[in-house]
Protein chains: 4
Amino acid sequence: LKVLNCEYGKNTIKFLRLHREGKKHFVKEVEVCTHLRLTSAHEYLDGNNSLVIPTDTIKNIVLVLAKKNGIPTLEQFAIDICKHFMTTFCQVAYVKTYVQEVPWQRLHENGVPHIHSFICVPDGIRFCEAEQCRNGPLVVFAGIKDLKLMKTTQSGFEGFYKNEHTTLPERHDRILCGELFCKWSYGECKDFDFDCIWNKIRECILEAFSGPPDCGEYSPSYQKTVNSIQMLVLSKVSQVIETVLNNTFYNVVDMKNLGLTNDKEVSKCSKHNLPRLFRNTQP
Amino acid sequence: LKVLNCEYGKNTIKFLRLHREGKKHFVKEVEVCTHLRLTSAHEYLDGNNSLVIPTDTIKNIVLVLAKKNGIPTLEQFAIDICKHFMTTFCQVAYVKTYVQEVPWQRLHENGVPHIHSFICVPDGIRFCEAEQCRNGPLVVFAGIKDLKLMKTTQSGFEGFYKNEHTTLPERHDRILCGELFCKWSYGECKDFDFDCIWNKIRECILEAFSGPPDCGEYSPSYQKTVNSIQMLVLSKVSQVIETVLNNTFYNVVDMKNLGLTNDKEVSKCSKHNLPRLFRNTQP
Amino acid sequence: LKVLNCEYGKNTIKFLRLHREGKKHFVKEVEVCTHLRLTSAHEYLDGNNSLVIPTDTIKNIVLVLAKKNGIPTLEQFAIDICKHFMTTFCQVAYVKTYVQEVPWQRLHENGVPHIHSFICVPDGIRFCEAEQCRNGPLVVFAGIKDLKLMKTTQSGFEGFYKNEHTTLPERHDRILCGELFCKWSYGECKDFDFDCIWNKIRECILEAFSGPPDCGEYSPSYQKTVNSIQMLVLSKVSQVIETVLNNTFYNVVDMKNLGLTNDKEVSKCSKHNLPRLFRNTQP
Amino acid sequence: LKVLNCEYGKNTIKFLRLHREGKKHFVKEVEVCTHLRLTSAHEYLDGNNSLVIPTDTIKNIVLVLAKKNGIPTLEQFAIDICKHFMTTFCQVAYVKTYVQEVPWQRLHENGVPHIHSFICVPDGIRFCEAEQCRNGPLVVFAGIKDLKLMKTTQSGFEGFYKNEHTTLPERHDRILCGELFCKWSYGECKDFDFDCIWNKIRECILEAFSGPPDCGEYSPSYQKTVNSIQMLVLSKVSQVIETVLNNTFYNVVDMKNLGLTNDKEVSKCSKHNLPRLFRNTQP
């Protein structure tokens with residue numbers, strides 16, 4: 001008898017972990033999802049729940065681990081969760097954990113860091129995943145999402161394929177703008193400095209997108225820029241899983257019939273959000 | 001040299017197709033996404049765009065097909081799009097199309113259908129996908145999403161696994177509520193009556209969730225209910241790809257310290273939306 | 001010393017009220033907001049909280065009233081809440097309550113109503129407000145929002161004012177589509193049949209928007225249609241507070257350069273959501 | 001004959017204004033809404049559109065003004081728009097304009113500002129409004145919204161009013177967290193340095209919320225903190241229109257039944273978004 005989806009779990013276990021060093025406070029607010037697959041599927045077939053770990057218990061375990069271990073890095077926390085489920089429950093065949101950070105930053109007043117006040121600055125969200133099959137390796141992924149970037153020149157799109165359905169004009173100077181999602185793999189879990197690597201990769205992405213600060217670098221297409229980003233990220237980690245630059249088009253407003261020449265000074269954007277169900281798949 | 005993600009395309013081509021029969025109007029508003037992979041990847045590696053079909057052209061083609069063929073069913077329209085790209089462009093190695101419907105329904109006044117007025121009724125969104133690799137079969141998927149269902153009794157969760165992290169009480173009478181996502185496959189594209197099957201599957205889902213109208217049917221767990229839904233859907237099509245009942249918990253409000261006995265009359269829901277990046281994977 | 005905003009309260013007290021008649025279940029899920037202003041403002045000026053009713057207590061009271069009285073109608077429930085605060089707390093100078101319904105509808109299987117299963121059908125959200133100043137009347141408002149309507153003909157816009165910034169062509173046959181928000185006043189709280197009136201007003205709105213089912217009625221502008229809606233609503237209640245038809249424009253896609261004549265068969269919509277902070281004000 | 005709402009306009013005119021100084025680029029992306037009321041209401045009553053300025057023309061005018069004048073400050077741009085409508089169209093009785101900024105910031109690489117690359121950093125959104133009645137003064141408002149702040153100590157709530165519905169415990173050390181909205185008036189339009197004042201007010205708000213960086217300042221209630229913010233803002237401008245700290249509650253997770261003592265290290269937040277239709281009103 002075939003059993004279909006038998007993965008289940010708890011989504012969006014959202015909490016704040018406060019760490020104090022004397023009067024100085026440190027916060028990490030995270031959203032955690034933990035999914036399991038069990039070795040048997042009696043709960044699906046027979047309604048026998050005897051091996052089912054309730055999602056409420058999953059939530060409790062995540063909170064207990066945060067309390068006991070803290071959240072040294074998102075990745076280490078995801079690893080801790082996976083290890084706990086594999087070690088504690090022999091009925092778990094597979095565990096996957098996703099951790100996403102709420103981007104709190106320490107507040108500064110005239111350059112002085114505040115000991116317990118924070119501001120939310122969502123300029124790219126950090127996340128990670130860890131997963132493990134019983135008897136398999138624990139694999140760790142990390143990434144950045146919702147990072148919105150724009151360059152107002154040094155971008156074009158020319159020499160593309162044309163036929164009777166082509167109406168796009170060639171352009172050698174356009175605005176390039178998009179929301180970046182990038183996910184990479186650390187492969188099997190070793191002793192990485194996850195914070196350091198993540199920060200370096202974020203810098204790589206900004207650099208690959210924008211080029212040198214004094215002149216930029218010409219992008220002949222979205223595709224080429226995505227590949228430049230991927231190549232630079234690959235120089236830091238073993239594998240890039242997915243890179244999407246969900247582009248926002250800016251069209252120069254035609255003002256001829258309003259009696260004006262618009263030298264790319266006024267553009268309208270047409271934002272199209274990527275629908276939930278339709279993501280890139282691997283080649 | 002490894003090339004990573006080389007799928008690209010146009011997301012959210014949103015338009016309305018109006019069809020007239022005399023004075024009677026019929027509308028179909030859809031959001032279409034069409035993605036491609038090309039046989040080579042020069043645009044990623046060298047910035048050579050000569051084989052790239054611009055996303056603007058992809059959009060034009062989708063609109064032209066809607067104009068020429070209409071949208072007899074969502075699925076047929078997705079098939080038309082895939083076939084067009086495979087037939088027209090020899091540089092296309094893979095094509096995938098997603099089509100989602102805006103749920104317009106004909107307005108009725110005192111039971112009389114209006115000839116040209118419509119109301120939006122989002123009680124479950126219909127979508128489909130079609131995909132094809134060069135020299136491979138054209139495969140069609142369909143589904144329903146954002147279908148919110150609730151039963152206020154005939155649901156429990158007992159006899160589950162317990163350890164020191166368990167705080168959930170056993171319950172044999174609780175509210176079961178969730179947002180359903182279900183996607184199935186028609187396998188290789190044949191001559192299906194897509195509208196008829198979709199409507200039957202929707203009925204199956206409602207039936208499997210709620211049981212007979214006069215008494216309902218006891219659900220011993222989310223898992224069992226999800227499986228019942230899947231089994232009933234499987235009786236209509238060859239394969240169920242994914243079923244998620246993204247559950248919303250309702251907790252009976254404890255009113256003891258307010259001097260009242262709450263016989264499950266007042267409940268609070270804790271809604272946790274499934275994050276974008278974390279979906280079930282296949283067993 | 002001037003005290004500025006001194007209104008406070010609890011937003012989004014969301015809960016489900018279950019009512020049972022034998023084996024038949026009835027549900028009302030609502031979101032309630034209750035705001036207060038106190039007779040003094042010591043808590044703002046001096047940090048003296050002695051008269052402050054905590055928002056947690058406000059939430060408890062709303063839940064207790066739902067438990068004790070049920071929710072006969074949204075409006076009666078809002079009235080009950082306002083009366084409770086005015087009667088119980090002499091420090092309350094002003095109370096306002098907003099109640100919004102989650103649109104659960106009883107599920108039907110082959111026309112048979114289910115005794116305890118429901119489906120969410122958001123085709124226009126019902127809400128109400130009640131407010132009272134100490135020694136003033138209790139005033140009740142109600143409304144509908146997020147009601148999306150479309151007519152595919154019998155709408156135009158001609159003979160408007162023109163100058164050098166006009167580029168809009170005149171049109172006598174266009175699509176009219178919008179999301180309706182309408183709020184009215186019952187004046188001082190009397191013995192209204194709130195459910196009956198609300199349903200009649202919803203019908204009025206649909207009728208005023210779409211005209212007779214067999215032919216429709218020509219709309220020469222959004223403005224005229226909004227006014228027709230208002231006039232018909234006014235025939236049922238003493239006062240219309242606000243009517244907004246947040247229109248969605250559909251532009252016929254120009255397919256000339258694609259070699260096709262598009263007889264209004266394919267249109268693209270440009271949806272612009274009303275921003276939160278910018279609502280109509282009264283004349 | 002009474003005419004009800006007769007305000008209309010164009011919402012969300014979203015565009016990017018690019019300004020170049022040699023190779024250095026400056027961007028301002030804004031969303032503009034402009035509403036009008038006309039001196040007569042024939043379009044509502046009779047469907048006579050002869051004085052109606054189409055919303056499409058309104059959009060054109062906003063774009064033309066951006067092209068001609070640039071956007072020196074948001075406020076000056078809103079003033080320009082209002083003045084244009086009052087001066088050009090004698091049928092306009094009232095004009096209101098809202099302008100909101102997309103928070104692009106110049107990208108920096110190793111501290112070096114990039115000449116044409118930008119990153120979106122939404123840590124508080126700047127907006128403004130201008131409005132004018134014919135023969136009345138042009139009044140200018142500005143504000144900040146979506147500014148999320150948190151302090152992890154130096155906040156409590158004690159000594160509040162208690163009765164049989166009170167279950168909230170007194171707390172002298174809790175987390176204070178909220179999303180701030182603050183809107184002020186510049187009164188009649190004079191020669192203000194809008195950028196400078198806005199930045200100073202933002203600093204005031206952060207300061208009033210968090211207190212000195214080395215020790216903070218005790219907040220005895222949300223109310224007192226809101227008032228402190230208002231008082232400090234008032235020291236810079238003539239009038240504060242509205243201040244809302246839409247608070248997010250963090251509750252310390254009770255871990256006793258999990259065998260642990262939680263010294264405020266793990267908290268769960270319960271976020272309740274302010275519904276659209278229910279905003280504070282003025283005392």
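Worth knowing before you read on, the calculation uses all heavy atoms, side chains too, and leaves out hydrogens, waters and symmetry mates. Each chain gets a letter, A, B and so on, in the order the sequences are listed, and its residues count up from 1.
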S.K.: Roughly how far apart are B:Ile61 CD1 and A:Asn163 CG, rounded to 0.5 Å?
M.R.: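 Rounded to the nearest 0.5 Å, the CD1-CG separation comes out at 6.0 Å.
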
S.K.: Quick check on B:Glu164 against chain A: is it the side chain, the backbone, both or neither that has a heavy atom closer than 4.5 Å?
M.R.: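 Looking at B:Glu164, nothing touches chain A.
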
S.K.: From A:Phe157 CZ over to B:Glu43 CD, what is the distance, rounded to the nearest 0.5 angstrom?
M.R.: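 Result: 8.5 Å between the selected atoms.
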
S.K.: Is any residue of residues 217-224 of chain A within less than 4.5 Å of chain B by heavy atoms, and which ones?
M.R.: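 Hits under 4.5 Å: A:Pro220, A:Ser221, A:Gln223, A:Lys224.
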
S.K.: Apply ring-ring contact (aromatic ring centres under 6.0 Å, His included) to B:Phe141 and list each qualifying residue two or more places apart in sequence or on a separate chain.
M.R.: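 B:Phe141 satisfies ring-ring contact (aromatic ring centres under 6.0 Å, His included) with no other residue.
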
S.K.: Please name the pair of heavy atoms, one in A:Glu158 and one in B:Asn49, separated by the smallest distance, quoted to 0.1 Å.
M.R.: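 Smallest interatomic distance, heavy atoms only, reads O-ND2, 2.9 Å.
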
S.K.: Between A:Ser228, A:Gly47, A:Gly143, A:Ala93, which has the largest tally of heavy atom pairs under 4.5 Å with chain B?
M.R.: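 Max contact count across the listed options: A:Gly47.
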
S.K.: Which pair of heavy atoms, one from B:Thr166 and one from A:Asn60, lies closest together, and at what distance?
M.R.: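 What the structure gives for the nearest pair is C-ND2, 4.5 Å.
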
S.K.: Should the heavy atoms of other residues, nucleotides or ligands under 6.0 Å from NZ of B:Lys162 be counted, would the total exceed 12?
M.R.: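 More than 12 within 6.0 Å, yes.
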
S.K.: Nearest 0.5 angstrom please: B:Phe160 CZ to A:Ser50 OG, how far?
M.R.: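 Answer for the CZ-OG pair, B:Phe160 versus A:Ser50, is 12.0 Å.
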
S.K.: Under 3.5 Å, which donor-acceptor pairs do the side chains of residues 51-58 of chain A form with other protein atoms, sequence neighbours left out?
M.R.:
unit_1, atom_1, unit_2, atom_2, d
A:Asp56, OD1, A:Lys59, NZ, 3.4
A:Asp56, OD2, B:Thr167, OG1, 3.0
A:Asp56, OD2, B:Leu168, N, 3.4

S.K.: Mind checking ring-ring contact (aromatic ring centres under 6.0 Å, His included) for B:Phe15 and listing every partner two or more places apart, or none if nothing turns up?
M.R.: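 Here no residue qualifies.
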
S.K.: In terms of heavy-atom proximity below 4.5 Å to chain B, should A:Asn48 be classed as side chain, backbone, both, or neither?
M.R.: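 Contact with chain B: none, neither part.
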
